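First comes the structure, then the notes that go with it.
Per chain, numbering begins at 1; letters A, B, ... match sequence-line order. Computed from a predicted structure; not experimentally measured.
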2 protein chains.
Amino acid sequence: MSEATIRDVARRAQVSIASVSRALNGLDNVRAETRDRVLAAASELGYVPHAGARSLSLARAHAIGVVLPDLHGEFFSEFVRGMDREAGRRGYVMLLSNIHDESEQAAAALRAMRGRVDGLIVMAPHLSEAMLRRSLPAGLPSLLINGPEGMEDGPTVRLDNDAAVEAMIAHLVATGRRRIAHIAGPEGNVDARERVAAFRASMARHLPDADPVIVAGDFSEEGGEATARAIIAGQIDCDAVFAANDMMALGCLQALRSAGVDVPGRIAVAGFDDVPLARYLGLTTMRVRIAEMGARAITRLIDILEGKGADDAAERHQAELVVRSTTGARAT
Amino acid sequence: MSEATIRDVARRAQVSIASVSRALNGLDNVRAETRDRVLAAASELGYVPHAGARSLSLARAHAIGVVLPDLHGEFFSEFVRGMDREAGRRGYVMLLSNIHDESEQAAAALRAMRGRVDGLIVMAPHLSEAMLRRSLPAGLPSLLINGPEGMEDGPTVRLDNDAAVEAMIAHLVATGRRRIAHIAGPEGNVDARERVAAFRASMARHLPDADPVIVAGDFSEEGGEATARAIIAGQIDCDAVFAANDMMALGCLQALRSAGVDVPGRIAVAGFDDVPLARYLGLTTMRVRIAEMGARAITRLIDILEGKGADDAAERHQAELVVRSTTGARAT
DNA sequence: TTGTAGGCGTTATCAC
DNA sequence: GTGATAACGCCTACAA
């Protein structure tokens, strides 16, 4: 019942455990015949090396810890898939952990990783820099994804929100929009903050005379619907809505249309992320290649772990403008 | 730089490592003053126990391995979230691994878990029984989710496809449908197979005179569209389509509607899973509470690990009929 | 109450 | 080429 150990294999093959280890790890200083005996014994016993013991002895777990906030749907699954694939390719396993809030629980999740992983990937758009510095285990190399500002002293991967927002504003302006409103994400979120700032900057560049309208939102459909109601009620005057994510854009889109507002005839609607729903409903948006970001994070972290040179770069990934039917030309 | 060990704490607190261990693990046979000295030393050094070493000595890793096929979107993320939450609550971490095909790679992924986890949760709707028996590590308790038939000798969680299909057929029949077509999923998939069989049985019960139409599909939108084309071309005569998952149902729905077919007036469309898109587009479907299934799997596995009695039950989870606008009354 | 020592399953450094 | 043996970091009898 209990698993065979290297000792059992040694006994059965009539050799020392040292030889078993050598044979199984493919070292060349073993006689061919010895190797065969060991291999045979191992397979007869169904022996599988104990990864825990192995990593203790090697001081290498061949595992990386991934700490994520509450992500949803395609975003989460694509991200994890990208990481898992790359990790698997390099011979690492992935230890996944969700953190839900700012509290102790996050620190605990990080602590629980010590001694089981060789490095950490942390996505924490809502954690503060102080919090992060306090709870990141000292000896563990870690890479931050979309982390808070001011943590660029270590390796980092993040979305280039400035370029993305600029691309969208340029598109809206090019298709004749002049009064563009932005639905922002939650304040605690770094991406949301960056997008608002980028929106301001971009608007100042393209439409210096316009007064940029910014509506508060929370990344949920409901936020978009509220904005739509305000537009319909005449409280917001705009000919385009650019939401900080797709769900808000879709909520807004649906509310506008069911109120009989012509989209894109009278008002253009655009989002951010390119969730499947966006494609399905023809929403213009910025596509984020999240699986790729995950894979890159893993690649860089493993490169660091395996000593392919220090790497403290702040890598920015570009989003891609996807024009669909919610931002066509405006009605004249 | 390199992490402090229990020895460093012992030295600093001027006690033996045994006392450190006792103090840190909350055993009561330590003098209060000793405990305080240890705690102080530990926190000064920022000491965090080495989980790997700990699990080697305890023979318990407090980790469970989760092996999944290629799942997508909300299905994957909800499932993982359900498991992660429950695991975290019980003090376990989750080791995630995707397997993509039937080959060696699956066996390797399972092997890589040995010595790092206490138990395994395997979701493998596409692996054969033989394959599974061959590669499941002997000494590792494992629980199968939606596994192949014939593996009910161990603990198991699966969807009750029979009841789900029966509920949907009953609903369709009750709303006046008589010629119901089923779009099946890929043949290698257990759920798809079960749904086809259940469809046959259910049809025989409700409409013994009807000749059940079954169209091949592959769980993708495209499969649904093909079916829609066949219907429009008159190759399939039906007044209702019940697809084995939502994506196919949605593909079919969209193709039908854009060809001007009245849904549900002329043809009713129903799916399976209740993905967010289904809710959004008003698709009638069977809701699968996947997070709950994940949580239950974790709960049961941990109960087994912690010796709360053996548990070889084959637990079936019920899906829930969600009636929306694609299956209203038919036009008369 | 505390400390010493052995063991968990490996790998690596020595001798031989 | 092979075999003892000392780590790796922790827990836990057993002794004191």
Side-chain angles (χ1 to χ4, degrees), chain A residues 2-39 41-42 45-63 111-118 137 139-140, chain B residues 2-39 41-42 45-63 111-118 137 139-140:
Chain A
S2 67
E3 309 270 325
T5 79
I6 197 174
R7 248 178 285 272
D8 301 321
V9 179
R11 196 167 319 138
R12 185 174 247 265
Q14 308 265 36
V15 297
S16 73
I17 60 171
S19 289
V20 175
S21 176
R22 285 190 281 253
L24 259 31
N25 289 307
L27 302 203
D28 51 352
N29 51 349
V30 253
R31 225 180 347 148
E33 194 231 313
T34 309
R35 175 193 316 282
D36 293 346
R37 275 225 309 285
V38 170
L39 259 39
L45 290 170
Y47 169 75
V48 179
H50 188 288
R54 198 149 194 276
S55 75
L56 187 58
S57 168
L58 288 174
R60 226 112 203 1
H62 279 272
R111 250 196 313 271
M113 296 284 185
R114 135 95 169 158
R116 5 177 72 123
V117 303
D118 300 324
L140 263 190
Chain B
S2 68
E3 310 269 327
T5 76
I6 195 174
R7 248 178 288 273
D8 301 322
V9 179
R11 198 166 320 137
R12 184 174 249 265
Q14 309 264 40
V15 296
S16 73
I17 60 170
S19 290
V20 175
S21 174
R22 286 189 281 251
L24 258 32
N25 289 308
L27 301 206
D28 51 353
N29 50 351
V30 253
R31 223 182 349 151
E33 192 231 315
T34 308
R35 173 192 320 280
D36 293 345
R37 275 224 310 285
V38 169
L39 260 38
L45 291 171
Y47 169 74
V48 180
H50 188 289
R54 198 146 196 280
S55 76
L56 187 58
S57 119
L58 289 175
R60 267 151 156 330
H62 280 272
R111 249 194 315 271
M113 297 285 184
R114 136 95 169 157
R116 4 177 72 123
V117 303
D118 300 325
L140 264 190

Please give, in whole Å, the distance from C:dG6 P to A:R7 CZ?
-> 15 Å
Write down the distance between CG (A:D28) and C1' (D:dG1), rounded to a whole number of angstrom.
-> 11 Å
Have a look at A:T34 and say if it touches a base, only the backbone sugar-phosphate, or nothing, with a 4.0 Å heavy-atom cut-off.
-> sugar-phosphate
Candidates C:dG3, D:dG9, D:dT2 - which lies nearest the side chain of A:L56 | D:dG9
Would you say B:R54 reaches D:dC11's phosphate, i.e. side-chain N/O to OP1/OP2 under 4.0 Å?
-> yes
Answer with base, sugar-phosphate or nothing: what part of the nucleic acid does B:S21 contact at a heavy-atom distance below 4.0 Å?
-> base
Rounding to a whole Å, what distance do you find between A:L27:CG and C:dT13:P?
-> 11 Å
Side-chain N or O of A:S57 less than 4.0 angstrom from OP1 or OP2 on C:dG9?
-> no
In Å and rounded to the nearest 0.5 Å, what is the OG to CZ distance from B:S19 to B:R37?
-> 9.0 Å
DNA chain D: 5'-proximal contact among A:A32 and B:A18 (nearest heavy atom) | A:A32
Considering just the side-chain nitrogens and oxygens of B:R22, establish if one lies under 4.0 Å of OP1 or OP2 belonging to D:dC11.
-> no
In whole angstroms, how far is the C1' atom of D:dG9 from the CZ atom of A:R60?
-> 17 Å
Roughly, in whole Å, what's the span from CD1 in A:I17 to C1' in C:dA12?
-> 11 Å
Can you tell me the distance, in whole Å, between the CG atom of A:N25 and the P atom of C:dT13?
-> 13 Å
Got a donor-acceptor contact below 3.5 angstrom from the B:D8 side chain to the B:T5 backbone?
-> yes
Just call it for B:A59: base, sugar-phosphate, or nothing, with non-hydrogen atoms closer than 4.0 Å on any strand.
-> nothing
Listed nucleotide nearest any side-chain atom of B:A53, set D:dG9, D:dT12, D:dT5 = D:dG9
Please give, in whole Å, the distance from D:dG9 P to B:R11 CZ?
-> 12 Å
OG-NE2 distance between B:S57 and B:H50, expressed to the nearest 0.5 angstrom = 12.5 Å
Side chain of A:I6 only, please: which of C:dT2, C:dA5, C:dT11 is the nearest?
-> C:dT11
d(B:Y47 OH, B:R7 CZ) to nearest 0.5 Å is 10.0 Å
Looking at the side chain of A:L58, which of D:dT12, C:dT11, D:dG3 is the nearest nucleotide?
-> C:dT11
Here the distance between atom P of C:dT2 and atom CD of B:E33, to the nearest Å, is 8 Å
When you get a sec, tell me which of D:dG1, D:dG9, C:dT2 is the closest nucleotide to the side chain of A:N29?
-> D:dG1
Interatomic spacing from CD1 in B:I17 to CZ in B:R22 - rounded to 0.5 Å = 10.0 Å
Stepwise side chain to side chain contact (heavy atoms under 4.5 Å, CB included) check, B:E3 with A:R114 = CA-CA 9 Å; B:E3 310 269 327; A:R114 135 95 169 158; 2.8 Å; yes
Reckon A:R35 touches a base, only the sugar-phosphate, or nothing at all at heavy-atom distances under 4.0 Å?
-> nothing
With nearest nucleotides of DNA chain C determined for B:R114 and B:S16 from heavy-atom distances, which residue corresponds to the more 5′ nucleotide?
-> B:S16
Nearest-neighbour nucleotide for the B:R31 side chain, C:dA12, D:dT12, C:dT2 considered = C:dT2
